[in-house]
Protein chains: 2
Amino acid sequence: MPSPLEKARQAPDSMKGRILSAARKLFGEYGFHGVTTRMIAKAVGIDISTLYYHWGEKQDLYEAVLTDLNEDIRLKLREIEKLVHGKPLDVRLEVAIDVMSDYLFHNPEASNLMLFSYFVKTRTRSDLDTRMTEHLANIAVAMGLALDKTHVPPQANARVLAVWNSIINFASGENYFRPMLSLDRDAYLEVVKETLKFILIPAFTRKDS
Amino acid sequence: MPSPLEKARQAPDSMKGRILSAARKLFGEYGFHGVTTRMIAKAVGIDISTLYYHWGEKQDLYEAVLTDLNEDIRLKLREIEKLVHGKPLDVRLEVAIDVMSDYLFHNPEASNLMLFSYFVKTRTRSDLDTRMTEHLANIAVAMGLALDKTHVPPQANARVLAVWNSIINFASGENYFRPMLSLDRDAYLEVVKETLKFILIPAFTRKDS
DNA sequence: ACTTGTTTCCAACATTTGATGGAGAACCAT
DNA sequence: ATGGTTCTCCATCAAATGTTGGAAACAAGT
């Protein structure tokens, strides 16, 4: 039987789905403590008790948002993996950067939510996510940094993290960085992709000396 | 005449200074909305009205924290610049990575605060910071990506941002990433430095083809 | 029409939170 | 000691916030 979250994912027009998506946007902008249940309800155009009826406590809703996001990421990574299967590493990186950047720039709340869960202590801490660990392991294997999903050396994970973070930072920081660079959205996205490739590809493709 | 903040910086044992430092730690952990004035007062061991007496509104205190941090960063960057003056780029990067990593790992709230100001919409938005722009310009010149502080092309700024973000991410994410890598603090710090050098140095030192 | 179950809203609640007024300490120069 | 200034706390306020009970609206089967 599907969980409540899965149902909401499959029926984005249902009340549950609409609340989830509004919550996701808001939590992505302001963080957990920066959003009130009333803000979410107002964004959907409903009373707050309707929100509580569907999702229960604020904390529960927030966790549903994170799980929802993680599922999206998982699918996106799988899509990329299919796209680049068998290609050499520099091409894999290039495609991964392009596709992930496009995705994150069209879902600006996604990268913010990730940053929040990495960096912010929630006053009421929920248990750690193992999902990120899985993503990392998958990427490490895909990049040839580890042979086996179950045995990824710390060094390999660290390198994957460096790549991963570089990408989400530019997406997350758009509102802050773009004015500093005086670029419009399209130009910013292009510069970001180019910069990421400039930074990341040489590290992984250089001939060892 | 020195501003209130400068006085507090110069007298860290004064009440003003103690409040500032407690606030800085807490805002760094939980973000603006995640911290209450009562939490800060409690951390210092004083009544909240004493806090308001010294710093006024929460928002003002928060901005003082950010300004304080920015001053630290500025000094740190200048220190690095002196340290590597005249050295070739790969050495500059190496030293910068080492020194910045050490600094950020011993001031864990610093990188978090930076991430907050880059990524989080505060519900009550204060005006944009120009200080970050200055830091970027300085680094860009120091790295030879621009000839003149006042004319840094977007591409150069983007590259500096990529470097900058990579470093603060690992510091900020320690609580989240370190358990994933199963490393103790020292080992984590070492792996981070190594990874940063692995990622960043080749990009800037390769011979153009 | 009547029952049964689901969904939505109104009203209210107890806490939490940002913020202040005013009374007393503490300090300090005279 | 006295007067003035600076600092600290207690008590309190109004607004915001998380959360719930219960009544109405709605839907669907019989």
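In what follows, every chain begins at residue 1, and chains take the letters A, B, ... in the order their sequences are listed.
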Checklist line | Which residues share a side chain to side chain donor-acceptor pair (under 3.5 Å) with B:S14, sequence neighbours left out | finding: none
Note to self: Nearest to the A:T50 side chain among D:dC10, D:dT19, C:dC9, which nucleotide is it?
What the structure shows: C:dC9
Notebook entry, point to check: Are B:Y52 and C:dT20 close enough that a side-chain N or O sits under 4.0 Å from OP1 or OP2?
Noted result: no
Margin query: Between A:D148 and A:H151, do the side chains contain a donor N or O and an acceptor N or O under 3.5 Å apart?
Written below: yes
Item checked: OP1 or OP2 of D:dT8 under 4.0 Å from side-chain N/O of B:Y53 -> no
Next item on the list: Can you figure out which of C:dA19, D:dT19, C:dT8 approaches the side chain of A:M15 most closely?
Entry: C:dT8
Next item on the list: Please state how far atom CD in A:Q59 lies from atom C1' in D:dT19, giving the value in whole angstrom units.
Entry: 14 Å
Check: Taking all non-hydrogen atoms of both residues, which atom of B:R131 and which atom of B:N70 are closest, and how far apart?
Finding: CB-OD1, 3.3 Å
Note to self: Walk me through whether A:L136 and B:M180 qualify under side chain to side chain contact (heavy atoms under 4.5 Å, CB included).
What the structure shows: CA-CA 10 Å; A:L136 284 190; B:M180 282 172 24; 2.9 Å; yes
Next item on the list: Compute the centroid of each ring, for B:Y188 and then for B:F105, and state whether the two points are separated by less than 6.0 Å.
Entry: yes
Checklist line | Out of C:dT20, C:dT17, C:dA11, whichever nucleotide has its closest atom nearest the side chain of B:T36 | finding: C:dT17
Next item on the list: State which of D:dC10, D:dT19, C:dA19 makes the closest approach to the side chain of B:S49.
Entry: D:dC10
Check: Between C:dT8 atom P and A:R18 atom CZ, what is the distance in whole Å?
Finding: 8 Å
Note to self: Side-chain N or O of A:T37 versus OP1/OP2 of D:dG18: is the shortest distance under 4.0 Å?
What the structure shows: yes
Next item on the list: Compare the minimum distances between each of C:dT7, D:dT6, C:dC9 and the side chain of A:H54, then state the nucleotide with the smallest one.
Entry: C:dT7
Next item on the list: Between A:G45 and B:I48, name the one whose nearest nucleotide on DNA chain C is closer to the 5' end.
Entry: A:G45
Checklist line | Net bend of the helix from C:dA1-D:dT30 to C:dT30-D:dA1, end axes of five pairs each, nearest 10 degrees | finding: 0°
Check: From C:dC9, D:dG18, C:dA19, pick the nucleotide closest to the side chain of A:R38?
Finding: D:dG18
Next item on the list: Check the distance between C:dT16's P and A:H33's NE2 and give it to me in whole angstrom.
Entry: 14 Å
Next item on the list: Using whole Å, report how far CD1 of B:I40 lies from P of C:dT17.
Entry: 12 Å
Next item on the list: Report the distance from atom CG of A:L61 to atom C1' of D:dG18, rounded to the nearest whole Å.
Entry: 13 Å
Item checked: Polar side chain donor-acceptor pair, B:W55 to B:Y62, under 3.5 angstrom -> no
Item checked: Atom pair distance, as rounded to whole Å: CD1 in A:I19 and P in C:dC9 -> 9 Å
Notebook entry, point to check: Expressed in angstrom and rounded to an integer, what is the separation of B:L51 atom CG from C:dT20 atom C1'?
Noted result: 13 Å
Just distance, no hydrogens or angles: give the donor-acceptor pairs under 3.5 Å from side chains in residues 43-50 of chain B, sequence neighbours left out.
{"unit_1": "B:D47", "atom_1": "OD2", "unit_2": "B:S49", "atom_2": "N", "d": "2.9"}
{"unit_1": "B:D47", "atom_1": "OD2", "unit_2": "B:S49", "atom_2": "OG", "d": "2.4"}

Check: B:Y176 vs A:Y118 aromatic rings, parallel, tilted or perpendicular, using cut-offs 30° and 60°?
Finding: tilted
Next item on the list: Round to the nearest Å and state the distance from A:K58 atom NZ to C:dT16 atom P.
Entry: 14 Å
